[in-house]
Amino acid sequence: MILGGATDIAVVGEASDGAEVASAVRSYAPDVVLMDIRMPRLDGLAATEALRRRPEAPEVIVLTTFHADEYVLRALRAGASGFLLKDTPPAEILRAVRRVAIGEPMLSPAVTRRLIDHVSDTGADGRRRHALELLGRLSEREREVAVAVGRGKSNAEISGELFMSVATVKAHVSRVLTKLELNNRVQVALLAHDAGLTLP
């Protein structure tokens, strides 16, 4: 009902549980999937992980009822482009779909901080070592861009901060994703956070 009222968004299909997601995506080829975490048979986390492993996978926005749901962070690590609370106002849901469709993550900073706090005291040292090891594969300039992405900066903001063109920023982001074998900017941001590089 919310999405159907937008002139630039079409609902091409629906699935009643996670087990139906793969076949629905094959049939309808959506650009964006709104994925509920809690579903019968196969939950949204497992469905997201399976979906993002596919070539030409659609972007995924995870829906949750909780501000600090540990599954959401796992979904983001699996390649979801963002998450929304189920009580998000309709206009914000539409904005999220539009942003994610063009490759921009949709994360509420307040909710993201709570999620990060929720898991920060479990395995942080191991994650930090792993993240620093991965970031060590990058050139100095690529690493600067990765850290800026981790701080939530847009390409235009990174361009201004690092004195390079937006096209060059995009090229660096693409190389970072390729070198680190990541799906999207959200995963880059999580990696920079794990490495402890996103603090002011």
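Every heavy atom of this structure was used, including side-chain atoms; hydrogens, water molecules and symmetry mates were not.
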Within the 4.5 Å heavy-atom criterion, are [X] and [Y] side-chain neighbours or not?
X: L63; Y: T88; result: no
X: V62; Y: L84; result: no
X: L138; Y: L180; result: yes
X: D194; Y: H130; result: no
X: I61; Y: V97; result: yes
X: N183; Y: L177; result: no
X: L42; Y: E20; result: no
X: V21; Y: M35; result: yes

Minimum heavy-atom distance between [X] and [Y], given as atom pair plus value:
X: V100; Y: S81; result: CG1-CB, 3.7 Å
X: A192; Y: A146; result: CB-O, 3.9 Å
X: L135; Y: L191; result: CD2-CD2, 4.0 Å
X: L132; Y: A195; result: CD2-CB, 3.7 Å

Quick check on D17: does its CG atom have over 12 non-hydrogen neighbours (other residues, nucleotides or ligands) under 6.0 Å away?
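Yes, CG of D17 has more than 12 neighbouring heavy atoms, counting only those of other groups under 6.0 Å.
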
- Query: Could R143 and E140 be called an ion pair, given the rule that one side-chain N must be under 4.0 Å from one carboxylate O?
  - Reply: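 Salt bridge absent between R143 and E140.
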
message: Run the side-chain contact (heavy atoms from CB on, under 4.5 Å) test on E59 and I102 for me, step by step, so that the C-alpha distance in whole Å, both residues' side-chain angles and the decisive distance to 0.1 Å come before the verdict.
response: CA-CA 9 Å; E59 301 296 338; I102 61 171; over 6 Å; no

**Prompt:** Which residues pass the side-chain contact (heavy atoms from CB on, under 4.5 Å) test with S27, sequence neighbours left out?
**Reply:**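 Partners of S27 by the side-chain contact (heavy atoms from CB on, under 4.5 Å) criterion come out as none, since no residue qualifies.
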
Out of K179, R137, H172, which one pairs with E142 under the side chain to side chain donor-acceptor pair (under 3.5 Å) rule?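 The passing option is K179.
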
Review point. What's the verdict on side-chain contact (heavy atoms from CB on, under 4.5 Å) for N184 and Q187, showing C-alpha distance, side-chain angles and the deciding distance?
Key: CA-CA 6 Å; N184 57 39; Q187 290 178 312; 3.7 Å; yes

Report, one line per pair, each donor and acceptor closer than 3.5 Å where one atom sits in a side chain of residues 4-15; sequence neighbours left out.
| from | atom 1 | to | atom 2 | distance (Å) |
| --- | --- | --- | --- | --- |
| D8 | OD1 | R98 | NE | 3.4 |
| D8 | OD1 | R98 | NH2 | 3.0 |
| D8 | OD2 | R98 | NE | 2.7 |

So how far is it from [X] [atom1] to [Y] [atom2], rounded to the nearest 0.5 Å?
X: T168; Y: R141; atom1: OG1; atom2: CZ; answer: 9.0 Å
X: L134; Y: R129; atom1: CG; atom2: CZ; answer: 13.0 Å
X: L162; Y: K153; atom1: CG; atom2: NZ; answer: 10.0 Å

Can you give the donor-acceptor pairs under 3.5 Å from side chains of residues 46-58 to other protein atoms, not counting sequence neighbours?
| from | atom 1 | to | atom 2 | distance (Å) |
| --- | --- | --- | --- | --- |
| T48 | OG1 | G44 | O | 2.7 |
| R52 | NE | G79 | O | 3.2 |
| R52 | NH1 | P58 | O | 2.9 |

